[in-house]
Amino acid sequence: MSEMGASTVIKRKHRKRFRFPGLEIYGVLIYLFLYMPLIVVLVYSFNSSQSAMRFQSLTLEWYQKLFSDSTLLLALFNSLKVSLIAVSCAVIIGTSGAIFLNRVSFKGKDLFRSIALMPIILPGIIIGLSILIFILNLKIPLSMFTVLLGHLTFTTAVVLQQVSARLSRLSKNLENAAMDLGAPPIKAFFYVTLPMIKRAIIGGALLAFTMSFDEIIITYFLTSTFTTLPIYIYGMLRFGLSPEIYAISAVVLVFSIVLIILTARFTGTEDEKLIS
Amino acid sequence: TAIASITAGCSGGGSAKKTLNILCFQGYADDTWVKPFEKQYNCTVNVTYAGTVEEMYTKAKAGGGQYDILSTDCGSVQRYYEAGLIQPLDMGQIPNTSKLSQFFQKNADYKTIDGKVYHSPIVWGSNNVVYNKDKLGTLPDSWSVLWDPKYKGEVSVTDEANNNVVTTAIYLGFKDPYNLTTDQLNQVKAKLIALKNNCRELTNGFDSEKNALSTGETLASVSGYDSGLILYLKNTAKMNVGRIMPKEGIYIWIDGWVLLKGAKSPDLAQDYMNYILSDEVQIDLAKSLSFGAVTPAAKSALDPYVCSLTDYDNIDNIKVPIFIMKNPENVDLRTQIWNDAKAAS
Amino acid sequence: MEEENFEIELQNIRKVYGDLIAVDNSSFKIRHGEFFSLLGPSGCGKTTTLRMISGLEEPSEGNIFLAGEDVTYKPTYQRNVSTVFQDYALFPHMNIYENVYFPLKMKKMSRREADPMIHQILDLVNMGNFEKRLPQQLSGGQRQRIALARSLVNKPRALLLDEPLGALDFKLRIQMQKVLKDIQKDVDITFIYVTHDQTEAITMSDRICVMKDGMIHQIGTPDEIYNSPATQFVAGFIGDMDFIEGRADQVSDGEVVVAASGSKFVACRAVGAIRPGDPVCFCVRPEKVHILEDGEEDGRYINRINGKILRVVFRGNDFEYTVKAGDIEIRLIVPASGTFVRVVGDTMKIGFKSEDVIVYSYEGQGCHDEQKHAG
Amino acid sequence: MEEENFEIELQNIRKVYGDLIAVDNSSFKIRHGEFFSLLGPSGCGKTTTLRMISGLEEPSEGNIFLAGEDVTYKPTYQRNVSTVFQDYALFPHMNIYENVYFPLKMKKMSRREADPMIHQILDLVNMGNFEKRLPQQLSGGQRQRIALARSLVNKPRALLLDEPLGALDFKLRIQMQKVLKDIQKDVDITFIYVTHDQTEAITMSDRICVMKDGMIHQIGTPDEIYNSPATQFVAGFIGDMDFIEGRADQVSDGEVVVAASGSKFVACRAVGAIRPGDPVCFCVRPEKVHILEDGEEDGRYINRINGKILRVVFRGNDFEYTVKAGDIEIRLIVPASGTFVRVVGDTMKIGFKSEDVIVYSYEGQGCHDEQKHAG
Amino acid sequence: MMSKNTQADRNPPADKTAGQTKPRGKGKKYLVGLPITVWLVLIIIVPILIMFATSFYKKVGSNIEPIFNFGNYAKFFTDSIYIPIFFKTLLLALAVSISSIVLGYPLAYLVSRKVKRFRNQLYMLILVPLWVSYLVRIVAWRAILGRGGVLNTLLLDLHLIKEPISLFIYNPFAIFIVLTHISLPFVFISIFTSLEKIPKNLINAAADLGANGPRTLKEIIIPLSMPGVLSGFTMAFVTALGDYIIPQQLGGPNGLMFGNLIVSQFGYAYNWPLGAALGFIMFGIAVLILTLSNKASASEGYLE
Ligand SMILES: Nc1ncnc2c1ncn2[C@@H]1O[C@H](COP(=O)(O)OP(=O)(O)OP(=O)(O)O)[C@@H](O)[C@H]1O
Ligand SMILES: Nc1ncnc2c1ncn2[C@@H]1O[C@H](COP(=O)(O)OP(=O)(O)OP(=O)(O)O)[C@@H](O)[C@H]1O
Ligand SMILES: [Mg+2]
Ligand SMILES: [Mg+2]
């Protein structure tokens with residue numbers, strides 16, 4: 001290494017690699033496009049004017065108000081509650097379903113799988129409507145429970161998709177080895193399979209949570225006494241959007257970034273790399 | 001069902017305390033007057049908000065005994081009745097009805113079916129045109145502004161089928177805008193297409209109306225909440241705004257309570273209706289919402305300027321024809337006409 | 001043999017996947033402490049057989065006995081056998097120590113109790129210093145040893161190894177073969193070893209079972225398999241072999257004379273019922289073919305061919321010549337120490353003994369199962 | 001030699017990745033039409049060297065010449081060499097025909113023009129009937145041929161092959177080695193062949209370059225490499241070798257006498273400067289070690305050992321014995337035809353000639369680069 | 001000759017006591033499928049079937065009666081507004097999905113192939129906008145695109161325009177922009193994933209065989225990333241197809257989309273059967289698009 005003198009370094013005439021002209025600029029512009037609304041939200045959350053159009057002066061008023069607005073906080077709490085419960089159930093149903101689809105063979109599996117994955121892409125209006133009609137036919141009153149049902153559709157499908165993808169890449173031999181070494185199937189799952197698919201579960205749950213937390217269309221059809229944050233904001237659109245909404249969006253935004261970083265840190269890319 | 005009983009069990013708390021379940025628009029059950037009510041009647045009030053009239057109806061239909069009362073515009077009473085969702089009120093339990101302004105006492109058609117009363121008012125308002133006086137000067141008192149090619153791309157109307165059909169029918173001079181003949185409907189439709197083409201946007205609720213006017217997106221907007229809008233624009237956006245009192249007639253709505261069938265606490269419910277008509281609550285309502293109070297009591301408590309702006313003080317004296325919202329002849333048809341108009345180019 | 005206590009016994013095992021018969025009518029017995037190999041080309045059913053023994057797969061028909069007990073339908077985790085997988089299947093989220101502890105943990109053995117056993121077994125495979133490492137931090141050969149240790153720590157009645165060295169380097173493979181063999185002697189456990197590498201099977205096994213397309217072709221000691229292949233397939237699969245197609249000319253008690261490409265060849269051994277006129281295939285190992293120096297008249301090399309050298313390959317300690325005479329192409333292997341070097345194009349006289357030739361009745365698909373290069 | 005027109009020349013090539021020197025000061029010349037192999041253990045820099053020749057990697061220092069032209073900084077697609085990748089790298093979305101057409105298409109050759117060339121090359125690799133198939137529908141050996149055809153259709157000056165047979169079965173590999181060698185003769189193109197399998201390198205190459213840790217240890221013909229390994233590493237890496245540690249006792253002009261485990265051994269060849277008293281390592285190939293029958297007194301086997309048989313391995317056509325005498329463990333290979341069979345525990349007298357022994361000055365890390373099994 | 005064993009009787013041995021022991025709780029492994037099956041049947045299949053049934057009912061007065069009829073579907077085909085709006089919506093969805101791909105592909109290509117440092121961070125950054133409520137983003141877009149909005153202010157300040165431009169909002173263009181904004185992260189993810197799957201060696205091989213950068217992109221990278229493009233396309237298409245809030249909020253007088261038509265039947269009109277029928281037509285299109293894209297990506301999915 002030491003003999004790598006300066007003279008040899010200087011004569012390096014690196015071969016030009018092809019670069020698509022302007023690709024980076026294009027990339028930056030797209031990021032800008034993606035972030036434009038977020039910037040607006042952030043700026044207005046510090047805007048002392050009620051009007052969303054003119055920026056007057058910096059204020060923390062909306063952040064302060066935020067924490068004394070019990071209805072808004074309740075809506076936020078409800079959103080968290082419904083998303084957490086829906087995601088927890090989705091993790092159980094989706095993970096067991098993924099194992100079912102990957103480790104048990106039965107007729108009509110492909111059809112089963114494609115129907116089960118449909119809620120991810122089906123327009124919310126269709127999911128919402130179909131469940132609403134179903135529920136009304138059963139004379140079940142609308143409540144948090146019905147909202148949960150609605151959220152369970154796509155959250156489960158998302159977890160199913162993510163875990164399924166992971167499982168299909170995971171060598172079956174690890175489970176086999178565990179059983180071979182004396183672990184009954186249940187233990188083999190908890191000691192071996194689960195740690196392997198942990199990351200996919202967390203990733204799927206996170207994505208499902210993101211979608212559930214922001215869900216409006218399905219919730220709109222299925223809620224009654226139960227107000228989630230998006231529903232609250234939607235209702236506010238009738239009477240006027242308070243800058244508090246910008247503030248709470250900013251809070252959620254910061255919180256989500258922290259969450260993403262933390263999950264990235266805790267699950268790490270390591271074990272993923274190791275296995276695949 | 002099991003779920004219902006769980007919910008009821010949860011919200012009911014102890015059995016000694018009565019519970020009132022309310023479904024309403026935001027603003028109609030504020031803590032300011034709900035808390036005293038709870039104390040006074042030793043009960044718990046659970047409030048659920050709905051965003052739109054339609055949502056309200058769907059929820060009521062799905063609710064199955066979940067709510068005691070809900071707030072609805074007067075135009076929907078017939079519909080709730082036909083769907084078998086509501087029961088008549090015992091006017092004896094709502095003595096405050098006598099406090100209503102003369103106008104509301106005289107015109108009771110909208111709430112009476114087969115001689116029975118189904119609706120107890122809360123507030124009222126009109127669907128009206130609010131405009132930017134700085135830019136437009138003073139406009140004539142006529143709905144025609146909305147069709148005026150001078151203002152093409154500068155006006156907006158609400159994206160609500162019935163409102164627009166009624167407004168257009170009034171503008172066209174039809175006697176009963178809630179009961180139009182096929183021929184009249186066709187004329188309305190033609191006018192609606194022209195209306196839509198003159199519009200910059202179709203607003204959805206107060207936020208988008210206020211946004212439209214305050215940002216200069218539009219110069220004149222139809223609003224179902226004209227009073228609130230004017231106040232906002234004057235006070236917050238510091239604009240000089242005007243309101244049209246169309247000579248063809250104005251179209252007003254009255255929001256009020258209906259008593260649902262299967263209500264668990266009908267007595268408490270009617271106590272609440274009565275309570276809403278008490279002077280204090282009417283004043284609170286008018287103050288917090290700047291809608292029209294249905295009793296004259298609020299008049300004294302309100303800023304005179306606000307009163308003058310919004311005619312709250314003289315519903316009994318308004319000179320132009322007033323059309324109280326009613327259930328129209330054919331809901332499907334009106335929806336379709338509006339959809340057709342929007343789809344037309 | 002019959003009175004012995006067999007460790008593992010398969011009775012008429014058959015495994016069907018949909019239309020495919022992966023293993024057909026397989027029966028064999030393995031003695032305690034034996035090193036038993038399953039050998040055969042890819043897809044012949046080796047893994048399937050192993051998986052049925054370990055319980056990861058259920059046979060469609062037939063029974064499996066472990067130490068006399070019918071375990072055909074016992075789940076994997078209740079059988080006292082253990083598998084070493086080709087990809088090792090070490091748990092990537094556990095370190096070496098935990099990997100080896102795993103089977104003991106499943107037996108509800110406490111860490112304290114298990115500790116000396118783990119150390120002992122890690123020392124056995126010479127990996128005592130790696131306890132804290134994760135499997136990913138080990139080289140292939142090291143992982144292999146850990147997989148072995150993990151399987152052995154449970155003291156299974158039998159160890160099943162599915163191509164355990166398949167993923168390793170050439171040099172490392174040779175080395176690990178020794179390690180494996182030594183360990184087997186140390187622990188005195190029955191090994192069932194799956195491989196498709198014939199050299200590996202021959203050098204390591206006590207007995208070999210050669211399979212093809214789900215069928216067992218031969219079971220025997222390496223010597224039997226190498227020197228008395230029971231079928232033409234075995235002959236071609238195990239070790240190098242020259243095949244020559246021809247027609248049976250005379251069939252007598254101890255001899256078959258075969259006519260091929262105008263010449264006649266005498267063979268002492270024949271497999272299958274051969275009548276004069278039958279199409280046959282005979283074979284001889286390249287190292288049994290000798291160069292006959294001019295004038296040399298060793299009467300033992302009764303089968304003689306005069307041909308041209310087609311190809312010469314240096315193989316380190318020997319040369320491989322390919323000689324062509326008429327339709328016949330024959331390879332022979334000659335030690336490199338012979339100072340006399342011949343080149344492509346030279347003519348060469350070669351010969352081989354009748355006792356080194358085996359005749360098989362012609363099986364239809366041509367003698368060579370290899371695809372020839374046409375260019 | 002100097003006046004020849006070299007196809008490929010590397011001058012003092014060095015490649016550094018961060019702290020790691022992947023290839024160090026590499027220089028060699030390859031003649032037109034040569035079959036040149038890069039041989040060495042995993043991670044020694046073979047692939048890196050190949051990638052620098054093909055242009056997929058840029059050297060940190062030094063220059064590369066193709067047919068006399070300095071191409072060090074030319075992009076891959078402008079060099080007239082072609083690589084066959086270990087995983088074949090066939091384009092999965094194109095059928096065989098299109099895969100082979102691809103390089104011609106890149107040269108803007110029309111389909112019509114290219115067609116005969118494609119057919120010709122597919123026939124060459126004997127894959128004429130597979131045109132419409134997708135790569136996924138082929139077996140490993142077939143894919144290998146298509147990768148070859150795709151690289152050859154462009155008529156490159158040189159073909160670079162990175163462990164092209166690494167992913168294949170044992171039997172298939174042997175077969176494809178022949179195919180490759182035959183094709184090379186047919187097309188008369190320079191082949192640079194990367195492998196870590198010494199047998200493959202020896203049987204196929206004209207010349208071999210043995211590498212370790214980024215350094216070239218020896219370049220020579222298979223015979224040179226096998227019989228005169230330039231370093232201890234080469235000696236151990238190529239072919240089987242017994243290593244014995246000792247201390248130089250006497251060093252004379254043509255001979256070194258080494259003392260090891262109480263005995264003395266005479267060697268005719270020595271590598272490196274060795275003085276009496278130096279620690280050394282000497283080696284002999286197992287097949288050069290002979291059994292000395294009782295009473296046999298062949299004077300050529302000047303180095304003699306009396307030991308106990310530790311291990312006997314049957315290898316088909318021969319046996320491998322491991323004999324232990326004192327600290328020395330030595331393996332020898334004996335043809336299986338010898339009727340006299342010895343078993344573990346027997347004593348055995350063995351000997352080898354002084355000209356078969358090479359002495360290396362001791363390199364510190366022990367003679368054996370293999371890890372021994374301690375159990 | 002085979003060894004003796006293979007000649008043995010093919011029939012199983014007579015004393016096959018194993019027959020009884022065989023069923024070792026085979027049903028057990030199906031148990032793990034129970035939750036997903038219940039879920040699938042109860043909240044996916046049955047509701048959709050009921051919705052399907054409802055689409056054949058009829059609204060009588062204010063009530064919905066189970067009178068079987070095709071009227072609702074007939075309405076779709078006979079009534080003059082549905083089909084034009086339907087196609088307009090399809091066109092919008094198409095435009096949104098194409099633009100999402102046009103924006104998302106180069107970005108995914110950039111992040112996955114050209115960036116070495118901060119690659120993960122850049123990837124994460126694309127997902128962050130998903131965390132701001134969809135409704136809030138709509139409102140923010142209103143503030144950006146409006147007459148007095150950020151964009152116009154910027155253009156005015158730069159003296160690029162003299163008058164504020166009103167064409168940014170309250171027309172299908174605004175719907176298109178915002179839907180693209182919402183779909184872009186999802187399209188990006190799916191393209192990125194498929195780009196990541198392309199083995200590096202294929203790209204090396206292409207270079208080796210004479211392909212320069214752009215040709216490698218055209219011949220190798222784009223064809224092999226088609227499954228990702230297709231699934232991104234589907235995602236964006238179906239999102240745009242079903243959304244009604246964005247058209248409602250930002251679409252202006254000409255922003256009526258098929259989703260709004262469906263919702264209007266569930267709103268004021270309370271004509272659920274018609275709404276269900278229209279919903280089912282949309283469902284059909286969504287399933288069709290999904291199936292087509294699955295088919296196409298199955299035939300393109302060389303890297304699975
Ligand atoms: N789960 C399965 N479903 C369907 N067919 C299978 C299954 N497992 C194996 N097979 C088929 O059964 C046959 C035997 O497979 P097996 O894995 O036992 O072969 P093998 O001898 O181990 O081959 P290899 O040397 O390639 O590992 C093959 O044709 C294989 O395709
Ligand atoms: N892109 C890279 N970045 C960093 N180090 C690298 C890179 N490519 C190779 N190396 C390192 O350079 C050394 C030589 O690698 P190379 O791939 O040339 O080995 P090889 O001889 O081909 O080995 P193998 O037989 O395993 O293929 C190795 O230590 C490897 O880890
Ligand atoms: Mg196998
Ligand atoms: Mg390499």
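Below, chains carry the letters A, B, ... as their sequence lines are ordered, and counting in each starts from 1. Since this is a predicted model, take the numbers as computed values, not measurements.
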Checklist entry - F255(A) versus chain E, heavy atoms under 4.5 Å apart: side chain, backbone, both or neither? => result neither
Checklist entry - Is it the side chain or the backbone of V178(E) that comes within 4.5 Å of chain A heavy atoms, both, or neither? => result neither
Item to check | Proximal component of S105(A), with respect to chain E [non-hydrogen, under 4.5 Å] | outcome: backbone
Checklist outcome for this item: Okay, L38(A) and chain E: the region with an atom under 4.5 Å from a heavy atom over there is side chain
Item to check | Contacting moiety of Y109(E), where chain A heavy atoms sit under 4.5 Å | outcome: side chain
Checklist entry - Between W39(E) (side chain) and L152(A) (backbone), is there a donor-acceptor pair under 3.5 Å? => result yes
Checklist entry - Going by residue number, which parts of residues 109-117 of chain A are within reach of chain E, meaning a heavy-atom gap below 4.5 Å? => result F112(A), I115(A), A116(A)
Checklist entry - In terms of heavy-atom pairs under 4.5 Å with chain E, which of I127(A), I131(A), L229(A) leads? => result I131(A)
Checklist entry - Most heavy-atom pairs under 4.5 angstrom with chain A, which of I262(E), I126(E), V46(E)? => result I126(E)
Next on the checklist: To the closest 0.5 Å, what do you measure between CD1 (I44(E)) and OG (S130(A))?
Outcome noted: 7.5 Å
Checklist entry - Which region of F33(A), side chain (C-beta onward) or backbone (N, CA, C, O), has a non-hydrogen atom less than 4.5 Å from a non-hydrogen atom of chain E, or is it both or neither? => result both
Item to check | Greatest number of heavy atom pairs closer than 4.5 Å to chain A - which of V111(E), T234(E), L107(E), T180(E) | outcome: L107(E)
Checklist entry - Looking at A240(E), A276(E), S133(E), G259(E), which one has more heavy-atom pairs under 4.5 Å with chain A than the rest? => result S133(E)
Item to check | Minimal non-hydrogen separation, A286(E) against P123(A), with atom names | outcome: CB-CD, 4.1 Å
Item to check | Interatomic distance, M118(A) atom CE to F283(E) atom CZ [nearest 0.5 angstrom] | outcome: 4.0 Å
Next on the checklist: Let's test your reading of the structure: which of T37(E), L127(E), N294(E), T153(E) forms the most heavy-atom pairs below 4.5 Å with chain A?
Outcome noted: T37(E)
Checklist entry - Is chain A contacted by the side chain of I45(E), its backbone, both, or neither, given a heavy-atom distance below 4.5 Å? => result side chain
Checklist entry - Would you find a donor on one side and an acceptor on the other, under 3.5 Å apart, between the side chain of Y31(A) and the backbone of L122(E)? => result yes
Item to check | Under the side-chain contact (heavy atoms from CB on, under 4.5 Å) test, residues paired with A174(E) that sit two or more places apart | outcome: L145(E), I169(E), N171(E), L250(E)
Checklist entry - Can you say whether L130(E) sits under 4.5 Å from chain A via the side chain, the backbone, both, or neither, judging by heavy atoms? => result both
Item to check | Distance-minimising heavy-atom pair for L110(E) and G27(A) | outcome: CD2-CA, 4.0 Å
Item to check | Verdict with supporting geometry, I217(A) and Y244(E), side-chain contact (heavy atoms from CB on, under 4.5 Å) | outcome: CA-CA 9 Å; I217(A) 296 181; Y244(E) 66 89; 3.7 Å; yes
Next on the checklist: With side-chain contact (heavy atoms from CB on, under 4.5 Å) as the criterion, how do T156(A) and I36(E) come out once you've worked through the C-alpha distance, each side chain's angles and the decisive distance to 0.1 Å?
Outcome noted: CA-CA 9 Å; T156(A) 301; I36(E) 192 92; 4.3 Å; yes
Checklist entry - Of the options L241(E), V238(E), I48(E), which is the one that meets L122(A) in a side-chain contact (heavy atoms from CB on, under 4.5 Å)? => result I48(E)
Checklist entry - What part of V38(E) is in contact with chain A, defined as an atom under 4.5 angstrom from a non-hydrogen atom: side chain, backbone, both or neither? => result neither
Item to check | Residue L103(E) versus chain A: region with a heavy atom under 4.5 Å | outcome: both
Checklist entry - Rounded to the nearest 0.5 Å, how far does OH of Y234(A) lie from CD of Q249(E)? => result 6.0 Å
Next on the checklist: Looking at F190(A), I'd like to know if its CZ atom is crowded, meaning that more than 12 non-hydrogen atoms belonging to other residues, nucleotides or ligands lie closer than 6.0 Å.
Outcome noted: no
Next on the checklist: Shorter than 4.5 Å, heavy atoms on both sides: which option in G275(E), S231(E), P106(E), A53(E) has the most such pairs with chain A?
Outcome noted: P106(E)
Item to check | Pairs of heavy atoms under 4.5 Å with chain E: top-ranked of I245(A), V252(A), I216(A) | outcome: I216(A)
Checklist entry - Do side-chain atoms of Y44(A) reach the backbone of A140(E) as a donor and acceptor pair under 3.5 angstrom? => result no
Checklist entry - What part of I257(A) lies closer than 4.5 angstrom to a heavy atom of chain E: side chain, backbone, both or neither? => result side chain
Checklist entry - Is there a side-chain contact between W272(E) and L129(A) (heavy atoms, below 4.5 Å)? => result no
Checklist entry - Side chain, backbone, both or neither: which part of L34(A) has an atom under 4.5 Å from a heavy atom of chain E? => result both
Next on the checklist: Does any part of the side chain of F209(A), heavy atoms only, come nearer than 4.5 Å to the side chain of W131(E), both counted from C-beta?
Outcome noted: yes
Item to check | I138(E), part contacting chain A, at a heavy-atom distance under 4.5 Å | outcome: neither
Next on the checklist: Are M235(E) and I120(A) packed together at the side-chain level, in the sense that at least one heavy-atom pair is separated by less than 4.5 angstrom?
Outcome noted: yes
Item to check | Separation between NE2 of H151(A) and CD1 of I43(E), rounded to the nearest 0.5 Å | outcome: 11.5 Å
Checklist entry - Where does the angle between the aromatic ring planes of Y30(E) and F100(A) fall among parallel (under 30°), tilted (30 to 60°) and perpendicular (over 60°)? => result perpendicular
Checklist entry - So which of P185(E), G104(E), P129(E), G279(E) has the biggest tally of heavy-atom pairs under 4.5 Å with chain A? => result P129(E)
Checklist entry - Which answer fits I125(A), side chain, backbone, both or neither, if we ask what part of it has an atom under 4.5 Å from a heavy atom of chain E? => result side chain
